[in-house]
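So the structure is just underneath, and the comments pick up after that.
None of the values given here were measured: they were computed from a predicted structure. Proteins come first, then strands; the chains are lettered A, B, ... in the order of their sequence lines, and each starts at number 1.
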Amino acid sequence: MSGFSAVLRKDLRLELRSGESTLALLALSMLVLVVLVFALDAGRVRSVDVAAGALWVAMVFAGMLGANRALLAERDNGAIRGLLLSPLDPGTLYAAKLAAALIFMAVAEVGAVILMVLFFNLEFDASIARLAPILALGAIGFSALATLLSAITGRTRGGDMLLPILAVPIFVPALIAGVKASAAALAGAPLDSMDAWLKIMVAFDVLFVTAGYLLFEHVVGEG
Amino acid sequence: MRANFFKMNSAIRNGLGYTTLALMIVALFMVFDYVPPEAEQGIAQLIFYFHVPLAWVAFASFGIVAIAGIFYLWLGDQLWDDLGYAAAETGMVFCTLMIVAGSIWAKPIWGTWWTWDSRLTTTFILWLMYVGYLMLRASADDTPQVARFGAVIGIVAALDVPIVIASVRLWRTIHPAVLVTKQGGHGLEDPRMVTTLLVCLAAFTVFWAWLLMLRFMQLRTRSRMGELAVRIAFASAAASDKQVMEPG
Amino acid sequence: MAAPVVEIHNLAKTYGLAPVLREVQFRLMPGAGAFVVGGNGAGKSTLLRILAGLEAPSSGNAIVFGQDTRKLAARYRRRIGMMAHQSFLYPNLTACENLEFYAELYSIAEPRVSAELWLERVGLADVANARVRTFSRGMEQRLSAARAMLAEPLLLLLDEPFASLDHDGSEIVASLIRVAIERGAAVIATAHAVPEIEGVEFAVYEISHGRFASQVHKEEVRRGGRIRSLLGR
Amino acid sequence: MEHFGYLFAAYSIIFVVIFLYVMFICRRQAALDAELRTLEARMAALTKASDESASSQSQPDA
């Protein structure tokens, strides 16, 4: 476990020092929301579905950026080889990188939610609090998937463009569930009324965290 | 051993080719002449007899991509990577055709080229996943790890299929049905329809197996030629050593 | 007779169509040192990366601590220290933070203490809190040496350890190598020229066009003017 | 018979696309054959080179 905390603390320290990726994530999610407000002219109408949709679009794009940065720290000076050579096993490395991506995404999500409430004339009330577990489940699933895929796209030509093309279709089920659950929560429905959606999100998370943990060693090594 | 492996394979491949030809002719005859058109939808419903086999073949191919991926990661033999790549490519051809045929059939019956019907949506998401797989294959073809990357993507995509089906069905039932989605497929009244469907299924399965083998053996050849090129490189390096040691 | 630390049987490696290593036979006992001398692109770095388990050979196999390098378990990786052309260090972390991070990865008891100790050993104590980004190539090389030897490894893979080191730096790294060998570690280093390390007997191998010449006598190498007197005497 | 156009379109597209795919495979086959020829040429050059060096050893030039 010491390996996990070492890598995570190192990533957080690097992030706090440069701070560029969290700011970039926040800026990106804000921009996506602004674009959607103008595109859907949602300023006037109090539409919950539009707000939930916009929130998740912002999350997916911010998450993509966050995941791409997950292995960026290791690209300088071949640091990834330092990790592969060390007794740290790839699964723990994956877990640490996933945790880091999750933290970045959480920050972006909080920012996006606040902006969503402002941009879409909603209230800071209980419904927003109910969003938290849904967004958490979404963030876990997306980070698990994107961290695994960014280890692949990070090392192929034109990979950065490939990450969304690979990640979004696979993420679709969690996206549908997330948007539907968020819309219901914003419309005041209690959490247990949408357990079907939540079950799908939990299944997605469990599946892709384990798949990522097991498959990471195959994509990160040079071999 | 390699020689007859190749001879045996091309015998199988040609055998598949001829069976495909025969079965396909029978299938076409049955669809256009033997089977009674479905009462309500008229002859447009006949597209169904190719639509369902295309779907079955596409799903089967993507299953093979995942299985081949697992074997490649486990055994590391290039054979599995070639199989996975060939299955993904052929699977994509049939998956694309299935969507196209589906939407051509939807136009006369449901009045629109595309509806977010649960089956069509699921297939479309699957189609997007494997577009990603093939784009990765194309852009990473020179990196040595492309086989491992392909295997992982193949496995991850296959793992996602059940969740896609579940979420789309849930989403689809809640989504207000734009049109009456009477899918012609279930409840075939006339036994002749069932036999026609079975023949079409057989014809397409053999057709797919033939195409898969065609492409698979081509990729096998490409891989073996790669190995040969490496051996030649070694031989020429050894030859140049001899020149260095005692110039001829 | 102790088991050899490294055994290589007929190893070959190609990148695409270029054969980088061919018919490599090699054995290294604990407490022994070997220098692999050869021009650029002769395959020296590839050999070290294979021994470190970072790359798989195309054919043949490399055995380290009795394990095939394709599947090195964590407890064997712990005994390997490597210096490569790249330093494996994080530019935005300070020298001390870098060493502390690697100390934790190798689960060393007192990471901070051992980091500071090693910084002194490589003469970087005064820049402990400077970011590696601000380091000169030589300083980074010294820190990389500290990182490689931090966990007292039993096998040291050093790819041109003396590159871009000034006189003091070379002397420090040379003494660290001597200490490691006295501690019973095996050392394989690559270089363009064989440095003279006092009190340590090195076997010297030449590698050309990917082929490993069998052991080369030091005198031969010396005659070839390839002995770079390290210590300036 | 009003839907015949759709039926015809669906079936013809299926066969046309599969036909194009088979053509694609044949084109790739041609590329493979070309590569095979270059490999054979290099192999031939190699064996010739080693024959020469072998023959020169057996009877040194007069």
Side-chain angles (χ1 to χ4, degrees), chain A residues 1-24 69-97 99-100 104 151 155-157 213-214 216-223, chain C residues 15 45-46 48-58 69-94 97-98 100-109 111 131-133 135 137 140-141 143-144 147-148 150-151 153 155 157 159:
Chain A
M1 254 349 243
S2 75
F4 174 83
S5 72
V7 172
L8 183 56
R9 273 184 292 109
K10 181 262 297 175
D11 277 345
L12 294 181
R13 179 180 295 157
L14 276 175
E15 182 43 39
L16 290 178
R17 196 155 289 179
S18 63
E20 58 208 77
S21 50
T22 21
L23 292 182
R69 307 190 69 79
L71 289 166
L72 210 57
E74 265 62 40
R75 278 204 202 134
D76 308 326
N77 298 334
I80 186 70
R81 286 191 177 141
L83 295 182
L84 294 173
L85 181 61
S86 76
L88 176 74
D89 72 271
T92 315
L93 175 60
Y94 172 77
K97 287 295 173 184
F104 297 154
R155 293 167 46 204
T156 50
R157 241 175 336 85
Y213 185 80
L214 297 175
F216 197 65
E217 64 175 296
H218 295 292
V219 291
V220 83
E222 236 120 66
Chain C
Y15 286 135
S45 307
T46 309
L48 293 188
R49 273 201 301 274
I50 289 175
L51 288 176
L54 294 173
E55 263 179 53
S58 304
T69 54
R70 290 181 180 83
K71 279 272 179 287
L72 274 177
R75 66 179 183 283
Y76 297 106
R77 292 203 304 264
R78 184 189 310 285
R79 303 187 205 157
I80 298 176
M82 182 174 193
M83 274 175 77
H85 291 306
Q86 295 174 312
S87 64
F88 302 165
L89 298 166
Y90 295 91
N92 274 333
L93 290 183
T94 67
E97 283 164 351
N98 265 294
E100 218 180 309
F101 169 63
Y102 274 101
E104 275 175 61
L105 279 192
Y106 285 80
S107 35
I108 286 169
R131 288 195 199 171
V132 170
R133 201 156 26 100
F135 277 25
R137 191 68 196 89
E140 199 174 339
Q141 183 83 345
L143 191 58
S144 173
R147 173 196 49 72
L150 193 65
L155 172 62
L157 306 169
D159 199 352

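- Evaluation of the salt bridge (Lys or Arg N to Asp or Glu O under 4.0 Å) test over residues 70-82 of chain A, restricted to residues two or more places apart or in two chains, returns A/Lys10-A/Glu74, A/Glu74-A/Lys97, A/Arg81-A/Glu222.
- Comment: C/Glu97 does not engage A/Arg9 in a salt bridge, judged by the lack of any side-chain N to carboxylate O separation of less than 4.0 angstrom.
- Proximity of C/Tyr90 to A/Leu14: side-chain heavy atoms (C-beta onward) are separated by under 4.5 Å at one or more points.
- For a residue to count as touching a neighbouring chain, one of its non-hydrogen atoms must lie under 4.5 Å from one of that chain's; by this rule C/Arg131 touches chain A with the side chain only.
- At a threshold of 4.5 Å between non-hydrogen side-chain atoms, the residues C/Arg77 and A/Leu84 do not count as touching.
- Only the side chain of C/Arg49 comes within contact range of chain A, judged by heavy atoms closer than 4.5 Å.
- Residues that satisfy the ring-ring contact (aromatic ring centres under 6.0 Å, His included) test with A/Phe104, not counting sequence neighbours, are absent from this structure.
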Q. Which is it for A/Arg17 and C/Thr94 under the side-chain contact (heavy atoms from CB on, under 4.5 Å) test, yes or no, and what are the steps along the way?
A. CA-CA 11 Å; A/Arg17 196 155 289 179; C/Thr94 67; 4.0 Å; yes

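- Nearest heavy atom pair, residue A/Gly3 against residue C/Leu105, reads CA-CD2, 4.2 Å.
- The two atoms that bring C/Gln86 and A/Gly78 nearest to each other are OE1-CA, 3.4 Å, heavy atoms only.
- With a 4.5 Å cut-off on non-hydrogen atoms, C/Ser58 does not touch chain A at all.
- Shortest non-hydrogen contact noted between A/Pro87 and C/Ala74 is O-CB, 3.3 Å.
- A distance of 13.5 Å separates OG in A/Ser86 from CE in C/Met82, rounded to the nearest 0.5 Å.
- Atom OG in A/Ser5 sits 6.0 Å away from atom CD in C/Glu104 (nearest 0.5 Å).
- Considering every non-hydrogen atom in both A/Gly82 and C/Tyr102, the closest pair reads CA-OH, 3.6 Å.
- Considering only heavy atoms from C-beta on, C/Phe101 comes within 4.5 Å of A/Val7 through its side chain.
- When heavy atoms are compared at a cutoff of 4.5 Å, C/Glu100 does not approach chain A at all.
- Heavy-atom minimum distance, A/Leu85 versus C/Leu54: N-CD2, 4.1 Å.
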